[in-house]
Student: 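I'd like to ask you about the structure that follows.
The structure presented is a predicted model; accordingly, all values stated were derived computationally and were not measured.
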Amino acid sequence: MPTAWIARWGTGKPVIAFGSDIDGIPKASQKPGVAYHDPMIEGAPGHGEGHNSGQAVNVTAALALKTIMEREKLPGTLVLWPGVAEELLAGKAYMVRDGHFKDVDAVLFTHVGDNLDVAWGQPNGTGMISVEYTFKGESAHSAARPWRGRSALDAVELMNIGWNFRREHLEPEQRSHYVIKNGGDQPNVVPSLASVWYFIREMDAADIEKNFGIANRMAEAATMMTDTTVSRRIIGSAWPRHFNKIIAETMNENITAVGLPKWSEDDQALAKGVQRTVKVKERGLATELEKFKPPVDKPESGGSDDIGDISWAVPTVTLRYPSNIPDLPGHHWANAISMATPIAHKGATAGAKVMALTTLDLLFRPELITEAWAYYKDVQTKEVKYKPFISADDKPATYINADVMAQYRPEMKKLYYNPVLYPSYLEQLGIKYPTLEKAAN
């Protein structure tokens, strides 16, 4: 993975790994600090979830810890790494498979949110398999000799029809969606090649594999109806998440000690302006911490995150830090507005304090590591054993979005932050904070 890296500092045990995702969202380009839709580059990708704030949390915490560990001569190793292509669930399972967490004692993951909180056990959400089916047929003139053709697009459409009829007879918690990545070249040529990309989600690993098997049989059935052939490629995968009780409890104590940032009137004005734009209640930024709760008895369906694979390889928790605005759509340009503003900076700083304090707890109290692994072995994995959905031969799908980035990167590079010339990115862009309404022409 060309955008992946691993940085290490320190010596000996324990080995504590900090992770956070780095990828963006298609067509989510948006100016920060502006409470309405105003793309930096029309049609370009942007940080419509706020993943670009997470490494700031981890790097800040690691630098503070390095200073303390050198001063106090504390043994231990800090590891930083990014979650690549999380939106495609296409990175972390490969890192687990290839052994990058074998020596790690605990993973402290960070994800942008609108409060400061952590959870343990299985949260709401799903695991999934991301798979692309490619059908091959025979081209022909669509008007002159259509009978000589074998339409790969017909096979794609028949598979999709079959899946859509089958939905009624799948468990209600499942979520599945697809896009046709290639439907042919032009109408007067019978498509000899077509592909469809599926996300197949369920609440547990066994049901994910069951639904994957159903999809595979439908793909084969579509080839029988169209005299075509099919191949498939797993692009990414994610096990359902399970977070460590001991580390979560330790982290929550530090969340309580750190507390939420003190938001300014400008911070609250921007938040309420964005909420007004997306037509939700104008309640502004959170001023009270979420309560630390035990896991729900029956988790609800929803999104997936490939931190799940890591959580089944090593004791793991996810800290959600308050760098975004409540009640936004998610995967949307509005979720990029608070990035590179004081909201993001204050939220990331609060998160960094919690990460650093929790790591110090693990360094000074080695029994916490022992208890975390006891929970992992005696509770989490007592009956459920991790088996990755990817095989030894699957490779990361690094080709995805290459064409999009080739199209937009030259213009995006012109907007990269220059800290030598500007004290903040808002100043580089000439944005007055906060900008709540469009200027009159």
Student: For a quick test of reading the model, state the closest non-hydrogen atom pair linking Ala93 to Ser237 and the distance between them.
Tutor: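 That closest heavy-atom pairing would be CB-OG, 3.7 Å.
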Student: Could you please spell out the steps behind the side-chain contact (heavy atoms from CB on, under 4.5 Å) verdict for Tyr386 and Val96?
Tutor: CA-CA 11 Å; Tyr386 173 70; Val96 172; 4.0 Å; yes
Student: Using modelled atom types only, decide if a donor and an acceptor are shared between the side chain of Asn335 and the backbone of Gly330 within a distance under 3.5 Å.
Tutor: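 Looks like yes, one N/O pair under 3.5 Å.
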Student: Main chain of Arg201, side chain of Thr126: is a donor-acceptor contact present, judged purely on distance under 3.5 Å?
Tutor: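 Here the side-chain-to-backbone pair does not exist.
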Student: Using side-chain heavy atoms (C-beta onward) and a distance below 4.5 Å, is Phe199 in contact with Ile129?
Tutor: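 No, their side chains stay 4.5 Å or more apart.
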Student: Using the salt bridge (charged side-chain N to carboxylate O under 4.0 Å, His left out) rule, take Asp267 and Lys346 through it: C-alpha gap first, then chi angles, then the decisive distance, then the call.
Tutor: CA-CA 10 Å; Asp267 298 336; Lys346 292 173 185 177; 2.6 Å; yes
Student: Quick check: do Thr60 and Thr349 have side-chain heavy atoms less than 4.5 Å from each other?
Tutor: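 A side-chain contact is absent here, since even the closest heavy-atom pair is not under 4.5 Å.
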Student: Decide, yes or no, whether a salt bridge links Arg365 with Glu371 under the criterion of side-chain N to carboxylate O below 4.0 Å.
Tutor: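 Salt bridge: no.
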Student: If you count every heavy atom of other residues, nucleotides or ligands that lies below 6.0 Å from Glu367 atom CD, does the total exceed 12?
Tutor: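 Count over threshold, so yes.
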Student: Between Ser29 and Ile41 (side chain of the first, backbone of the second, donor and acceptor by atom type, cut-off under 3.5 Å), is there such a pair?
Tutor: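 At least one qualifying donor-acceptor pair exists.
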Student: Kindly say whether Thr134 contributes a backbone atom to a donor-acceptor pair with the side chain of Ser195 at under 3.5 angstrom?
Tutor: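 Here the side-chain-to-backbone pair does not exist.
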Student: What do you reckon, is CD of Glu42 surrounded by more than 12 foreign heavy atoms closer than 6.0 Å?
Tutor: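 Not buried by this count: 12 neighbours or fewer within 6.0 Å.
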Student: Side-chain contact test, heavy atoms from C-beta onward, threshold under 4.5 Å: evaluate it for Leu285 versus Pro326 and give yes or no.
Tutor: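 Side chain of Leu285 against side chain of Pro326, heavy atoms only: contact under 4.5 Å found.
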Student: Once you round to the nearest 0.5 Å, how far does CG of Asp305 lie from CG of Leu89?
Tutor: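 Nearest 0.5 Å value for the CG-CG distance: 7.0 Å.
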Student: Looking only at side-chain N and O atoms, does Arg167 offer a donor or acceptor that is under 3.5 Å from a partner on Ser176?
Tutor: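 Indeed, the side chains of Ser176 and Arg167 share at least one donor-acceptor pair under 3.5 Å.
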Student: Between the side chain of Asn58 and the main-chain N/O of Gly19, is any donor-acceptor distance below 3.5 Å?
Tutor: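 At least one qualifying donor-acceptor pair exists.
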Student: So which pairs with a foot in residues 351-361 pass salt bridge (Lys or Arg N to Asp or Glu O under 4.0 Å), sequence neighbours left out?
Tutor: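 Passing the test, one end in residues 351-361: no pairs.
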Student: Taking atom CE of Met128 and atom CG of Asn211, what is their separation to the nearest 0.5 Å?
Tutor: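 Rounded to the nearest 0.5 Å, the CE-CG separation comes to 12.5 Å.
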Student: Please check if any side-chain donor atom of Asp394 sits under 3.5 Å from a side-chain acceptor atom of Tyr94, or the reverse.
Tutor: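 No, no side-chain donor-acceptor contact under 3.5 Å.
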Student: Closer than 3.5 angstrom, by distance alone: can the side chain of Asp306 be matched with the main-chain N or O of Lys92 as a donor-acceptor pair?
Tutor: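 Looks like yes, one N/O pair under 3.5 Å.
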Student: For Ile16, is there any backbone N or O sitting under 3.5 Å from a side-chain donor or acceptor partner on Asp105?
Tutor: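 No, because the side chain of Asp105 does not come within donor-acceptor range (under 3.5 Å) of the backbone of Ile16.
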Student: What verdict does the side-chain contact (heavy atoms from CB on, under 4.5 Å) test give for Ile343 and Tyr433, after you've listed the backbone C-alpha separation in whole Å, the side-chain angles of each residue and the deciding distance to 0.1 Å?
Tutor: CA-CA 11 Å; Ile343 295 172; Tyr433 180 79; 3.6 Å; yes
Student: Starting from the C-alpha separation in whole Å, work towards a yes-or-no answer on side-chain contact (heavy atoms from CB on, under 4.5 Å) for Glu173 and Glu300.
Tutor: CA-CA 7 Å; Glu173 292 85 2; Glu300 296 179 358; over 6 Å; no
Student: Which heavy-atom pair separates Ile208 from Gly127 by the least distance, and what is that distance?
Tutor: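 In this case the closest contact between Ile208 and Gly127 is CD1-C, 3.3 Å.
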Student: Would you please say whether a donor-acceptor pair under 3.5 Å links the side chains of Thr358 and Thr250?
Tutor: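 Per modelled atom types, Thr358 and Thr250 side chains form no pair under 3.5 Å.
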Student: To the nearest 0.5 angstrom, please state how far the CD atom of Glu171 sits from the NZ atom of Lys210.
Tutor: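 The NZ atom of Lys210 is 5.0 Å from CD of Glu171, to the nearest 0.5 Å.
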Student: Do Glu220 and Arg217 meet the salt-bridge criterion of a basic N to acidic O distance under 4.0 Å?
Tutor: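 No, no charged N to carboxylate O under 4.0 Å.
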Student: Does the side chain of Leu426 reach to within under 4.5 Å of the side chain of Pro32, using non-hydrogen atoms?
Tutor: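 Yes - at least one pair of side-chain heavy atoms lies under 4.5 Å apart.
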Student: Considering only heavy atoms from C-beta outward, does the side chain of Trp197 approach that of Leu88 to under 4.5 Å?
Tutor: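 Counting from C-beta outward, Trp197 and Leu88 do come under 4.5 Å.
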Student: Go through the steps to decide whether His37 and Thr277 satisfy the test side-chain contact (heavy atoms from CB on, under 4.5 Å), and finish with yes or no.
Tutor: CA-CA 9 Å; His37 191 202; Thr277 295; over 6 Å; no
Student: Donor-acceptor pair, distance only, cut-off 3.5 Å: does the side chain of Thr67 make one with the backbone of Leu63?
Tutor: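 Yes; judged by distance alone, with no hydrogens or angles, the pair exists.
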Student: Hey, do the aromatic rings of Trp81 and Phe101 have their centres closer than 6.0 Å?
Tutor: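 Yes, they do, as the ring centres are separated by less than 6.0 Å.
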Student: So with a 6.0 Å cut-off around NZ of Lys13, is the heavy-atom count from everything else above 12?
Tutor: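 It does: Lys13 NZ has more than 12 such atoms within range.
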Student: Less than 4.5 Å apart, side chain to side chain, heavy atoms only: is that true for Leu108 and Met251?
Tutor: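 When only atoms from C-beta onward are counted, Met251 and Leu108 do touch, with a gap below 4.5 Å.
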Student: Would you verify whether the NZ or CZ of Lys245 falls within 45 degrees of the ring axis of Trp120 while also being under 6.0 Å from that six-membered ring's centre?
Tutor: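 Judged by the rule (NZ or CZ under 6.0 Å from the ring centre, within 45° of its axis), Lys245 counts as positioned above Trp120.
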Student: Compute the ring centroids of Trp163 and Tyr178, then answer whether they are less than 6.0 Å apart.
Tutor: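 Ring centres of Tyr178 and Trp163 not closer than 6.0 Å.
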Student: Among residues at least two apart in sequence or on other chains, which ones pass side-chain contact (heavy atoms from CB on, under 4.5 Å) with Asn115?
Tutor: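 Result, side-chain contact (heavy atoms from CB on, under 4.5 Å) vs Asn115: Asp117, Leu260, Ala286, Leu289, Glu290.
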Student: Restricting to non-hydrogen atoms, name the atom on Ala356 and the atom on Leu65 that form the minimum distance, rounded to 0.1 Å.
Tutor: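 Looks like O-CD2, 3.5 Å.
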Student: Side-chain donor-acceptor pair under 3.5 Å between Asn418 and Tyr425, yes or no?
Tutor: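 Side-chain D/A pair, Asn418 to Tyr425: absent.
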Student: Hey, what do you get for NE2 (His47) to CG (Asp21), rounding to the nearest 0.5 Å?
Tutor: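 Answer rounded to 0.5 Å: 11.0 Å.
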Student: Does the distance from a Lys or Arg side-chain N to an Asp or Glu carboxylate O, for Arg283 and Asp327, drop under 4.0 Å?
Tutor: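 Result for this pair is yes, salt bridge flagged.
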Student: Do Tyr321 side-chain atoms and Gly54 backbone N/O form a donor-acceptor pair below 3.5 Å?
Tutor: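 The answer is yes, because a donor-acceptor pair under 3.5 Å joins these two groups.
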Student: Of all the heavy-atom pairs spanning Pro45 and Val404, show the shortest one and how long it is.
Tutor: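 It is CD-CG1, 4.2 Å.
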Student: Phe389 and Glu209: which non-hydrogen atoms are nearest, and at how many Å?
Tutor: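 Closest approach of Phe389 to Glu209: CE2-CG, 3.6 Å.
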Student: Quick check: do Arg8 and Leu78 have side-chain heavy atoms less than 4.5 Å from each other?
Tutor: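 Of all side-chain heavy-atom pairs linking Leu78 with Arg8, none is under 4.5 Å.
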Student: Nearest 0.5 Å, what's the OG-NE2 distance between Ser311 and His242?
Tutor: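 If we round to the nearest 0.5 Å, Ser311:OG and His242:NE2 are 8.0 Å apart.
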Student: Looking at residues at least two apart in the chain, or sitting in another chain, which of them share a ring pair (Phe, Tyr, Trp, His ring centres under 6.0 Å) with Phe243?
Tutor: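 Counting only residues at least two positions away or on another chain, Phe243 forms no ring pair (Phe, Tyr, Trp, His ring centres under 6.0 Å).
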Student: So, the side chain of Gln122 versus the backbone of Met203: is there a donor-acceptor pair under 3.5 Å, distance only?
Tutor: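 The answer is yes, because a donor-acceptor pair under 3.5 Å joins these two groups.
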Student: Pick from Asn52, Thr318, Thr110: which one makes a side-chain hydrogen bond (donor to acceptor under 3.5 Å, both in side chains) with Ser20?
Tutor: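 The single option meeting the side-chain hydrogen bond (donor to acceptor under 3.5 Å, both in side chains) with Ser20 is Thr110.
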Student: Are Asn244 and Trp373 side-chain neighbours, meaning at least one heavy-atom pair lies under 4.5 Å?
Tutor: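 Answer no - side chains too far apart.
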Student: With side-chain contact (heavy atoms from CB on, under 4.5 Å) as the test, pick out the partner of Ser130 among Ile400, Ile200, Ile235.
Tutor: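 Among the candidates, only Ile235 passes.
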Student: Should we count NZ of Lys413 as having more than 12 external heavy atoms under 6.0 Å?
Tutor: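 Check fails, neighbour count at 12 or below.
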Student: How many angstroms lie between NZ in Lys279 and CD in Gln275, if you round to the nearest 0.5 Å?
Tutor: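 Answer rounded to 0.5 Å: 13.5 Å.
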Student: Taking atom types as modelled, find out whether His111 and Glu49 have a side-chain donor-acceptor pair closer than 3.5 angstrom.
Tutor: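 Looking only at side-chain atoms, Glu49 and His111 do form a donor-acceptor pair, the distance falling under 3.5 Å.
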Student: Is any NZ, NE, NH1 or NH2 atom of the basic residue among Glu132 and Arg233 found under 4.0 Å from an Asp or Glu carboxylate oxygen of the other?
Tutor: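 Between Arg233 and Glu132 there is no salt bridge, as every charged N stays at least 4.0 Å from the carboxylate O atoms.
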Student: Quick one: closest heavy-atom pair of Val104 and Ala17, and the distance?
Tutor: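 Heavy atoms of Val104 and Ala17 come nearest at CG1-CB, 3.9 Å.
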